[in-house]
Amino acid sequence: VSCVDDGVGRVLEALRRHGMEEDTIVVFLSDNGGAHNNGSDNGVLANGKGSLFEGGVRVPFAMQWKGTVPAGQVYSHPVISLDIMGTITALAGVKISEERPLDGVKLIPHLTGRNNAPPHDQLFWRKFDQDAISIRKGNLKLVADSQRSTKGYKLFDLSKDIGEKKDLFS
């Protein structure tokens with residue numbers, strides 16, 4: 001982790017040194033939650049890497065665009081890695097085919113306060129190898145495993161239970 005921190009620091013310093021901070025968007029995120037077989041600690045989040053529970057899908061996401069995105073802001077609505085493509089293509093003026101739209105949204109209006117609505121009405125995840133799905137709408141999250149029986153579905157209110165311990169179906 002310290003090597004990653006040092007590397008990111010070198011990139012940011014190079015941008016600063018060359019006067020490119022206001023012309024460059026820097027995005028940093030993890031690919032998924034911490035693994036169970038190393039020193040990772042997901043805290044109160046359920047499960048981890050490879051899981052559809054919060055310990056597998058909730059990750060750090062940081063964006064810097066000096067002069068545009070407010071520094072030190074903590075954004076509380078969920079976003080997804082697919083939003084990076086939606087954001088960059090919009091800023092670059094890339095025309096996206098109506099027949100094949102992007103799944104990601106343009107984040108800049110949300111991060112600058114020009115759009116105060118959540119970027120997504122729902123978020124969806126699917127694990128083909130585990131025959132499992134998850135859907136999040138607002139603070140409610142449904143997780144379904146391969147059994148698809150009543151016991152295979154779990155519903156959580158993340159505003160009250162970020163650790164996904166109290167199944168609302170129980």
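Looking only at side-chain heavy atoms (C-beta outward), I133 and F124 stay at 4.5 Å or farther from each other. Inter-residue side-chain proximity for Q64 and L12 is flagged as met; some heavy-atom pair is nearer than 4.5 Å. Two residues are said to be in side-chain contact when any heavy atoms from C-beta on lie closer than 4.5 Å; T89 and K95 fail this criterion.
The hydrophobic clustering, which links ILVMFWY residues whose side-chain heavy atoms are closer than 4.5 Å, places V26 and F28 together. Criterion: ILVMFWY side-chain heavy atoms under 4.5 Å apart, direct or through other members. Under it, V94 and M85 are part of a common hydrophobic cluster. By the criterion of side-chain heavy atoms lying less than 4.5 angstrom apart, applied directly or through intervening Ile, Leu, Val, Met, Phe, Trp or Tyr residues, L91 is grouped together with M63 in one hydrophobic cluster.
At a threshold of 4.0 Å, the pair R10-E13 does not count as salt-bridged, since none of the basic side-chain nitrogens sits closer than that to a carboxylate oxygen.
Counted within 6.0 Å of CZ on R16, heavy atoms from surrounding residues, nucleotides or ligands total more than 12; the atom is thus considered enclosed.
Between the S51 side chain and the N47 main chain, no donor and acceptor come within less than 3.5 Å of each other. The backbone N or O of F156 lies less than 3.5 Å from no partner atom in the side chain of D161, so there is not a single donor-acceptor pair. The backbone N or O of P60 sits nowhere less than 3.5 Å from a side-chain atom of S30 that would complete a donor-acceptor pair. Counting only distance, with no hydrogens or angles, the side chain of H110 and the backbone of A117 share a donor-acceptor pair below 3.5 Å.
Minimum heavy-atom separation, G33 to K49: O-CB, 3.2 Å. For the residue pair W65 and T24, the shortest heavy atom distance occurs at CD1-O, 3.6 Å. Pairing each heavy atom of F169 with each of D167, the nearest pair is N-OD1, 2.9 Å.
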Practice task
Evaluate side chain to side chain contact (heavy atoms under 4.5 Å, CB included) for L102 paired with L82, printing each intermediate quantity in order.
Solution key: CA-CA 8 Å; L102 297 177; L82 298 169; over 6 Å; no
Exercise for the section: Please report the C-alpha distance between D83 and H120 in whole Å, then the side-chain angles of each, then the deciding distance to 0.1 Å, and finally whether the side chain to side chain donor-acceptor pair (under 3.5 Å) criterion is met. Expected result: CA-CA 10 Å; D83 295 336; H120 301 279; 2.8 Å; yes
Handout entry: Test log, rule salt bridge (charged side-chain N to carboxylate O under 4.0 Å, His left out), inputs E22 and K66
Key = CA-CA 5 Å; E22 292 188 11; K66 294 272 183 159; over 6 Å; no
Exercise for the section: Would you sort out whether K141 and E164 count as a salt bridge (charged side-chain N to carboxylate O under 4.0 Å, His left out), showing the intermediate values? Expected result: CA-CA 9 Å; K141 182 174 173 192; E164 296 168 299; 3.2 Å; yes
